[in-house]
Amino acid sequence: MATRTQGRASSRSNNSETKSSGSRGRSADKSSSTERTSTDRSNSSSRNDGSAFSWGDSAGPLLGAALAGAAIGFAANYGRKALMQGMESMAGDWDEILAAEHDLALAIFDKMLATDSTQTFKRRMLLMKLTHALDKHAHQEEMVVYPALREANEAVDADHLEGEHGYIKTFIYELNEMGSDSPSWLEKVREFRQLVSSHAHMEEEEVYPRFKHGLSEEQNARVTSLVNRDGFWMA
Ligand SMILES: [Fe+2]
Ligand SMILES: [Fe+2]
């Protein structure tokens with residue numbers, strides 16, 4: 001019989017993440033600094049263009065623009081996180097949030113399985129997206145839900161589930177190593193999807209309902225809040 005987890009074919013999609021970074025370095029003019037005389041040194045306080053860390057006359061506007069850019073970047077990232085996690089928190093309780101994330105991961109697997117060996121770029125992009133989604137999801141479970149399970153004397157299941165997360169990471173490692181044009185790529189993805197599907201099934205159909213049943217309303221709200229907070233920083 002098809003279960004809720006195994007039979008689900010969600011078409012939700014995730015926003016791709018855009019990151020940017022950059023750094024610039026400057027080097028000091030060594031020869032001029034070693035030949036500098038005492039007179040030069042006495043004048044150095046009024047001359048800052050020889051310093052490796054001199055900002056020059058235009059430092060004010062440049063520094064202001066850099067700080068403004070950083071502030072905009074931080075605000076945009078914060079907004080993106082809030083949006084992403086906000087969308088998930090609308091799903092309800094912690095177990096519903098996690099079930100929605102299972103759907104999202106399984107939908108990415110389905111897109112991967114619909115590719116052929118010529119679509120190497122698409123395969124790499126989908127694998128990156130899947131890796132990010134599973135990383136965030138596993139972090140929420142490993143930092144909040146599994147510890148709460150252990151606290152509720154459910155350590156055997158928590159340890160089993162956390163052990164499976166290790167094999168999920170192993171699949172990601174193997175897929176990255178084999179290359180997206182490998183003839184065994186699809187078969188590897190199929191095996192990987194099966195593990196994630198049965199893992200999600202155990203959580204959604206057995207472990208989480210039993211654990212939730214024993215929680216007070218307050219404890220349930222606390223777990224939801226902690227899952228949301230962790231997911232926010234991982235988004
Ligand atoms: Fe899990
Ligand atoms: Fe999960």
Side-chain angles (χ1 to χ4, degrees), residues 2-15 81 84-113 126-175 188-215 219-235:
T3 64
R4 178 170 172 262
T5 312
Q6 289 161 332
R8 204 164 34 222
S10 170
S11 61
R12 292 175 210 208
S13 64
N14 197 9
N15 290 330
K81 282 171 178 286
M84 287 186 70
Q85 193 60 15
M87 279 158 48
E88 282 161 13
S89 63
M90 280 163 60
D93 285 354
W94 60 273
D95 56 328
E96 293 165 304
I97 295 166
L98 297 175
E101 291 179 359
H102 292 156
D103 285 349
L104 176 71
L106 293 173
I108 300 172
F109 275 114
D110 291 340
K111 285 182 186 168
M112 293 167 86
L113 289 171
L126 287 169
L127 181 57
M128 274 175 57
K129 196 168 169 180
L130 180 69
T131 302
H132 179 69
L134 290 176
D135 256 0
K136 173 178 176 288
H137 182 79
H139 201 270
Q140 293 168 125
E141 292 184 330
E142 291 174 11
M143 299 303 284
V144 179
V145 182
Y146 297 171
L149 279 170
R150 293 186 184 101
E151 210 172 51
N153 293 320
E154 303 262 5
V156 174
D157 282 341
D159 293 349
H160 172 81
L161 290 168
E162 193 150 345
E164 285 191 338
H165 281 191
Y167 287 95
I168 286 171
K169 290 178 177 71
T170 302
F171 268 112
I172 292 170
Y173 169 83
E174 288 173 349
L175 279 169
K188 183 64 77 178
V189 172
R190 212 167 280 124
E191 282 174 36
F192 187 5
R193 189 191 191 283
Q194 183 52 44
L195 171 63
V196 170
S197 174
S198 63
H199 178 90
H201 177 257
M202 182 178 171
E203 290 178 338
E204 287 186 37
E205 308 293 332
E206 299 173 36
V207 182
Y208 290 175
R210 189 174 65 235
F211 171 55
K212 190 177 186 181
H213 187 69
L215 294 177
Q219 288 171 323
N220 189 59
R222 178 69 180 154
V223 176
T224 299
S225 159
L226 290 174
V227 163
N228 267 318
R229 189 189 304 173
D230 190 87
F232 176 82
W233 292 115
M234 290 298 290

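We number each residue from 1, following the sequence as shown. Values below: all heavy atoms of this structure, side chains included; hydrogens, waters and symmetry mates excluded. In listed order, ligands and their atoms are each counted from 1.
The Fe ion (ligand 2) has no N, O or S atom of H199 inside 2.8 Å of it. At a cut-off of 2.8 Å, H165 coordinates the Fe ion (ligand 1) through an N, O or S atom. Look at E204 and the Fe ion (ligand 2): no N/O/S atom of the residue is under 2.8 Å from the metal. Residue E101: no N/O/S atom is found under 2.8 Å from the Fe ion (ligand 2).
S198 contributes a side-chain N or O that, together with a main-chain N or O of Q194, makes up a donor-acceptor pair within less than 3.5 Å. Looking only at distances, no side-chain donor or acceptor of E191 sits under 3.5 Å from a matching main-chain atom of K188.
Taking the Fe ion (ligand 2) as reference, the nearest N/O/S atom within H137 carries the name NE2. When distances from the Fe ion (ligand 2) to the N, O or S atoms of E203 are compared, OE1 comes out shortest.
Between H201 and H102, the distance from one ring center to the other does not fall under 6.0 angstrom.
Ring geometry, F192 versus F171: the interplanar angle falls under 30°, so the pair is classed parallel (tilted spans 30 to 60°).
Between the side chains of Y167 and H199, not a single donor N or O lies within less than 3.5 Å of an accepting N or O.
Between atom CD of residue Q219 and atom CD of residue E151 there is a gap of 8.5 Å, rounded to the nearest 0.5 Å.
Here H102 contributes NE2 and E141 contributes OE2, and at the Fe ion (ligand 2) these two atoms make an angle of 130°, given to 10°.
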